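To keep things clear, I will list the structure first and then write my remarks on it.
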2 protein chains.
Amino acid sequence: MASIKDVAASAGVSVATVSRVLNEHPSVSADARTRVLAAVEALGYRPNAVARSLRTDQTHTLGLVISDVLNPYFTELARSVEEEARALGYSVIIGNADERPEIQDHHVRNLLDRRIDGLLISPTDGGSPLMLDAVRAGTPMVFVDRWIPGVDVPVVRADGRDAVRDLVAHLHALGHRRLAIIAGPAATTTGSERVEAFRAALAAHGLPLPDAYIGQGDFQAESGRRVTEGFLDLPEPPEVVFAADNLMALGALDAVRARGLRVPDDIALAAFDDIPWFVHTDPPVTAIAQPTGELGRAAVRALVDRIEGRTAASVALSARLVVRRSCGEPPAENPVTNRSTS
Amino acid sequence: MASIKDVAASAGVSVATVSRVLNEHPSVSADARTRVLAAVEALGYRPNAVARSLRTDQTHTLGLVISDVLNPYFTELARSVEEEARALGYSVIIGNADERPEIQDHHVRNLLDRRIDGLLISPTDGGSPLMLDAVRAGTPMVFVDRWIPGVDVPVVRADGRDAVRDLVAHLHALGHRRLAIIAGPAATTTGSERVEAFRAALAAHGLPLPDAYIGQGDFQAESGRRVTEGFLDLPEPPEVVFAADNLMALGALDAVRARGLRVPDDIALAAFDDIPWFVHTDPPVTAIAQPTGELGRAAVRALVDRIEGRTAASVALSARLVVRRSCGEPPAENPVTNRSTS
DNA sequence: GGCCGACGTGTAATCGTTTCCACGTCGTGC
DNA sequence: GCACGACGTGGAAACGATTACACGTCGGCC
């Protein structure tokens, strides 16, 4: 592979001049510039990003550590992150933690070793020493979706409280009184927050949230299945199951189906996170939709602000309820909320 | 951030010795080793991967350029690729081409500039000059899922021919005679191959595949919707629509639903690529399942073989038909093929 | 006509590693 | 007792870029 030296030799100038042409430094004569450009073209030269990074101490790369790539919500997040980053001249290295703290740490370490310019992360747990060290060391960082309390890092997330309230009102109006939730891990903010929002919304209607109706999941389909089976085995099973993410909702559907029961007649179902497939499931699933793309873009902008020396602020966008048929009594068709893709 | 010099100074040895300890070079005294290790620990030193890469000319990084991250098939592929790569000591940079050749080229260029050790790619088109150049320059490369004919690069893919034959036999047995396909872009191998396999399977049953029954899609949901609407507008609409990927099947469902028609009563549907959601759609969708995880792992192994100087061979694994209810007449329940997650 | 600033260019240091080579100090074998 | 090999170590040169600094040349202005 041709190096800057080859270009310099071929153009009859010094490497410094080549570098200046490449970096659009003003003080280069038109003559030198054309000769260099011609040599670059002829040799098919491309600057070595590794060498450049070593010298300039910037990689123009963002690290993104997400909890689970198989979760469509995070996939969409990753996509919008990459898009916005590309628009701003950065590339993205994605690490998939699979909801496992040790894999998360592996990725964080790896990204730090590669000297990424900044880190976007949706923490799987309460924060490992490694991550806290990175924050302390001044690594530009932004939390997205989930965050770690007490750590001074901007957070970009959706606030689902209002939507959860709308959901509970909807369920209450349909006559449901025994509502259960499949929660995410308590170590994640989204795990505990959604339970709290649910509990508060229930309280507003004078409904309790008994412990038996709080199932502990881990945001994966299998846990949704397991928890739902537990609910169904209860002497008095809930009338509604609210899954704190879309994969656990999938697991819940599996469990209900395995028993030969029907949604919503035998048990109603709702989910946090809306995905295109919810339109076509049997029945279509009522869900709380996050502005996922906007979250990803906002997170990148915040991180790049931080990297480039500006100050980055936290962002909270609101989620909204999308009513379908999985909780009973089909509402009037709404052509907008029923579009399956965006 | 502490550098190797700091460690050397702190341990009272030269940088060469530190480097030797870190790289497990044998000729280091036990005494020096412990002093270095202690210094590393004390300073929280981590080698700078950028500098190391510059010197050794290897990044221990693989590039993966996929056609569309939002497609669950590619997501799963990406996940298995990353997992296997991690197991072999490599990390992965994913580029999402969104089925657009110019974005694909952007990612390829970017990855090449970063001096990745090898490239895993599922080409969106017939091969840009850039990619052909990279092949000619000897960049270790492996095609996965799709490939470019006439280019000497190992291919790891699923052969769906038998499964398509099984599908057509299944459809024929159900009494369907007018079968249509939503094809992928002709520039992709999976785009044209699936049509050919379908045509051949139809011919074996003495069935034609008229041009009007070949809809041109682009592997995205929207095109599935558009093509399906076209089919439904035909004077004699098909009895079955076979979508060449899962997203176009989603679009087809959207279109059928928008007309108030029902699957499979009014029109049957089948898809290439199986995904967990197909179990829970209304109705569950008959699909051809690829061994996605195995494909990803095999692709990584082939690429790493090539990188580390061994020879890499092409791999073709077989796909299989998973019958559900979207083509009519429910088969007996099969607990294995109906599990929604793996 | 001389001085000074602007301009274009090249030399060389630098980023953090790895690794070749040379060197000193042993222990061993004759 | 001497030669020699093995071993542990350090110095210094790379890798491919960027950039501070110095230098020569030219034009304009007094």
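This one's a predicted model, so the numbers in the text were calculated from it and none came from an experiment. Throughout, a chain's letter reflects where its sequence line sits, starting with A, and its residues are numbered from 1.
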Heavy atoms under 4.0 Å, any strand shown: does A:Asn23 hit a base, just sugar-phosphate, or nothing?
sugar-phosphate
I'd like to know whether CG of B:Asp152 has more than 12 heavy-atom contacts from other residues, nucleotides or ligands below 6.0 angstrom.
no
Closest of C:dG16, C:dT17, C:dT9 to the A:Val28 side chain is C:dT9
State whether the number of non-hydrogen atoms from other residues, nucleotides or ligands found under 6.0 Å of A:Asp57 atom CG is greater than 12.
no
Regarding A:Ala49, tell me which of base, sugar-phosphate or nothing describes its non-hydrogen contacts under 4.0 Å with the strands shown.
nothing
Return yes if the base of C:dT17 and the side-chain atoms of B:Arg55 contain a donor-acceptor N/O pair under 3.5 Å, otherwise no.
no
Once you round it to whole Å, what is the distance between P of D:dT18 and CD of A:Glu24?
12 Å
Could you give the CZ-to-P distance, from A:Arg46 to D:dA17, as a whole number of Å?
11 Å
Within less than 4.0 Å of OP1 or OP2 of D:dC15, is there a side-chain N or O belonging to A:Asn48?
no
Could you check whether A:Ser67 and A:Arg146, counting side-chain N and O atoms only, form a donor-acceptor pair closer than 3.5 Å?
yes
Looking at the base of C:dT17, is there any donor atom on it, or on the side chain of B:Arg52, that sits under 3.5 Å from an acceptor on the other one?
no
Of B:Ser14 and B:Thr56, whose closest DNA chain D nucleotide lies nearer the 5' terminus?
B:Ser14
Here the pair of heavy atoms bringing A:Met141 nearest to A:Met131 is CE-O, 4.1 Å
For the side chain of B:Val13, counting heavy atoms from C-beta on, which of C:dG10, D:dG10, D:dG16 is nearest?
D:dG10
What is the distance from CG of B:Leu22 to C1' of C:dG16, rounded to the nearest Å?
12 Å
Could you check which of C:dT9, C:dC15, C:dT18 has an atom nearest any side-chain atom of B:Ser19?
C:dT18
Considering only side-chain heavy atoms of A:Val15, which listed nucleotide, C:dA12, D:dG16, C:dT17, is closest?
C:dA12
At under 4.0 Å, does any side-chain N or O of B:Ser53 touch on OP1 or OP2 of D:dC15?
no
Can you find a donor-acceptor N/O pair under 3.5 angstrom joining the side chain of B:Arg33 to the base of D:dG8?
no
Starting at atom NE2 of A:His25, determine the distance to atom P of C:dG8, rounded to an integer number of angstrom.
10 Å
If you look at every strand shown and take non-hydrogen atoms under 4.0 Å, does A:Ser3 touch a base, only sugar-phosphate, or nothing?
sugar-phosphate
Does A:Lys5 put a side-chain nitrogen or oxygen below 4.0 Å from OP1 or OP2 of D:dC15?
yes
How close or far is atom P of D:dG16 from atom CE of A:Met1, stated in whole angstroms?
11 Å
Would you mind reading off the distance between A:Asp31 atom CG and C:dG8 atom P, rounded to a whole angstrom?
12 Å
Take atom CD1 of A:Ile4 and atom P of C:dT14, then tell me their distance rounded to the nearest Å.
19 Å
Please tell me which of the listed nucleotides, C:dT19, D:dT9, D:dC21, lies nearest to the side chain of B:Ala16?
C:dT19
Could you verify whether a donor N or O on one side chain and an acceptor N or O on the other, from A:Tyr73 and A:Asp68, lie under 3.5 Å apart?
no
Under 3.5 Å, is there a donor on one side chain and an acceptor on the other for B:Arg86 and A:Asn96?
no
Using only side-chain N and O atoms of B:Ser29, determine if any of them is under 4.0 Å from OP1 or OP2 of D:dT9.
yes
Roughly, in whole Å, what's the span from CZ in B:Arg20 to C1' in D:dG8?
8 Å
